[in-house]
Enquirer: 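If you scroll down you'll find the structure; I have some questions about it.
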Amino acid sequence: MKKYLAVIRRPIFFIVINFFLVNTLFSLLPDRLGDVVYNIGRISIIFYAGWLVARKNLGGVWQSALAGTAIYFIDHVVLKGGIFLLNWLVRPQGLGLAAFSGVIISFVLFIPLAMIIAALGGAYASRRSESAQGRPY
């Protein structure tokens, strides 16, 4: 488990950077292009987490899928939901608690998508390592 957490440490760092820096900087783009850039980054990081788990031989496709779920949990529930909870603590009469509930519901609904993306990353890494083993050196 320690190796697993050590390997997904880098994607966790990238997801925090994506949430705070990329999301903030690109929110200034017109026509909601910032949301598109942010979500492309999110998908890429989840794919990378699955790829990294398989590449470091910490597991197969299922472990890669779990890495994607962990990364998505940190991104969506901890960071985005945490911001809504902080908003609710500062302003209890606001909609922060309702927004946090929406984050939890959307997390549950999109877990399969995060698992599929990370599993694809793991399958890609596994396939590449198998094909590399067949090459003469």
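All values derive from a computational prediction rather than experimental measurement.
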Enquirer: Whether the side chain of Tyr4 engages the backbone of Ala67 through a donor-acceptor N/O pair (distance < 3.5 Å, no angle test) should be reported.
Expert: yes
Enquirer: Rounded to the nearest 0.5 Å, what separates atom CG in Asn57 from atom NZ in Lys3?
Expert: 10.0 Å
Enquirer: Indicate the atoms forming the closest heavy-atom contact of Gly68 with Ile46, along with that distance.
Expert: CA-CG2, 3.9 Å
Enquirer: Please round to the nearest 0.5 Å and tell me the distance separating atom CD1 of Ile117 and atom CZ of Phe47.
Expert: 9.5 Å
Enquirer: Same hydrophobic cluster for Val53 and Val61, using side-chain heavy-atom links shorter than 4.5 Å among ILVMFWY?
Expert: no
Enquirer: Check for a donor-acceptor pair, side chain of Ser64 on one end and backbone N or O of Gly50 on the other, with a separation under 3.5 Å.
Expert: yes
Enquirer: Please work out which of the three classes, parallel, tilted or perpendicular, describes the rings of His76 and Phe107, given edges at 30° and 60°.
Expert: parallel
Enquirer: Roughly how far apart are Trp88 CH2 and Ser101 OG, rounded to 0.5 Å?
Expert: 10.0 Å
Enquirer: Which atoms form the tightest heavy-atom contact between Ala70 and Ile8, and what is the distance?
Expert: CB-CD1, 4.3 Å
Enquirer: Take atom CZ in Phe13; do more than 12 heavy atoms of anything else shown fall under 6.0 Å from it?
Expert: no
Enquirer: At what distance, to the nearest 0.5 angstrom, does CG of Leu113 lie from OG1 of Thr69?
Expert: 10.5 Å
Enquirer: Do the side chains of Val103 and Tyr72 join up, straight or via other hydrophobic residues, at under 4.5 Å, putting them in one cluster?
Expert: yes
Enquirer: Less than 4.5 Å apart, any side-chain heavy atom of Asp75 and any of Arg42?
Expert: yes
Enquirer: Using every non-hydrogen atom in the two residues, find where Ala49 and Ile71 come nearest and quote the distance to one decimal.
Expert: CB-CG1, 3.7 Å
Enquirer: Please round to the nearest 0.5 Å and tell me the distance separating atom OG of Ser44 and atom CZ of Phe14.
Expert: 11.5 Å
Enquirer: As a quick check of understanding, evaluate side-chain contact (heavy atoms from CB on, under 4.5 Å) for Ile83 and Phe19, giving each step before the final call.
Expert: CA-CA 11 Å; Ile83 295 293; Phe19 183 79; 4.0 Å; yes
Enquirer: What closest approach, in Å, do Gly81 and Phe100 show between heavy atoms, and which atom pair accounts for it?
Expert: O-CD1, 3.3 Å
Enquirer: Between Ile15 and Leu79, what is the shortest heavy-atom contact and its length?
Expert: O-CD1, 4.2 Å
Enquirer: Strictly distance-based, threshold 3.5 Å: is any side-chain N or O of Asn39 a donor or acceptor partner for the main-chain N or O of Asp35?
Expert: yes
Enquirer: For Tyr38, is there any backbone N or O sitting under 3.5 Å from a side-chain donor or acceptor partner on Asn18?
Expert: yes
Enquirer: Report yes or no: do Leu21 and Val16 belong to one cluster of Ile/Leu/Val/Met/Phe/Trp/Tyr joined by side chain heavy-atom distances under 4.5 Å?
Expert: yes
Enquirer: Establish whether Ile17 and Ile40 are linked, either directly or via other cluster members, by ILVMFWY side-chain heavy-atom contacts under 4.5 Å.
Expert: no
Enquirer: Are more than 12 heavy atoms, taken from residues, nucleotides or ligands other than Leu33, located less than 6.0 Å from that residue's CG atom?
Expert: yes
Enquirer: Please say yes or no: joined through hydrophobic side-chain contacts below 4.5 Å, possibly via intermediate residues, are Phe110 and Ile104 part of one cluster?
Expert: yes
Enquirer: Return the CD1 to CD1 distance between Ile45 and Ile74, rounded to the nearest 0.5 Å.
Expert: 11.5 Å
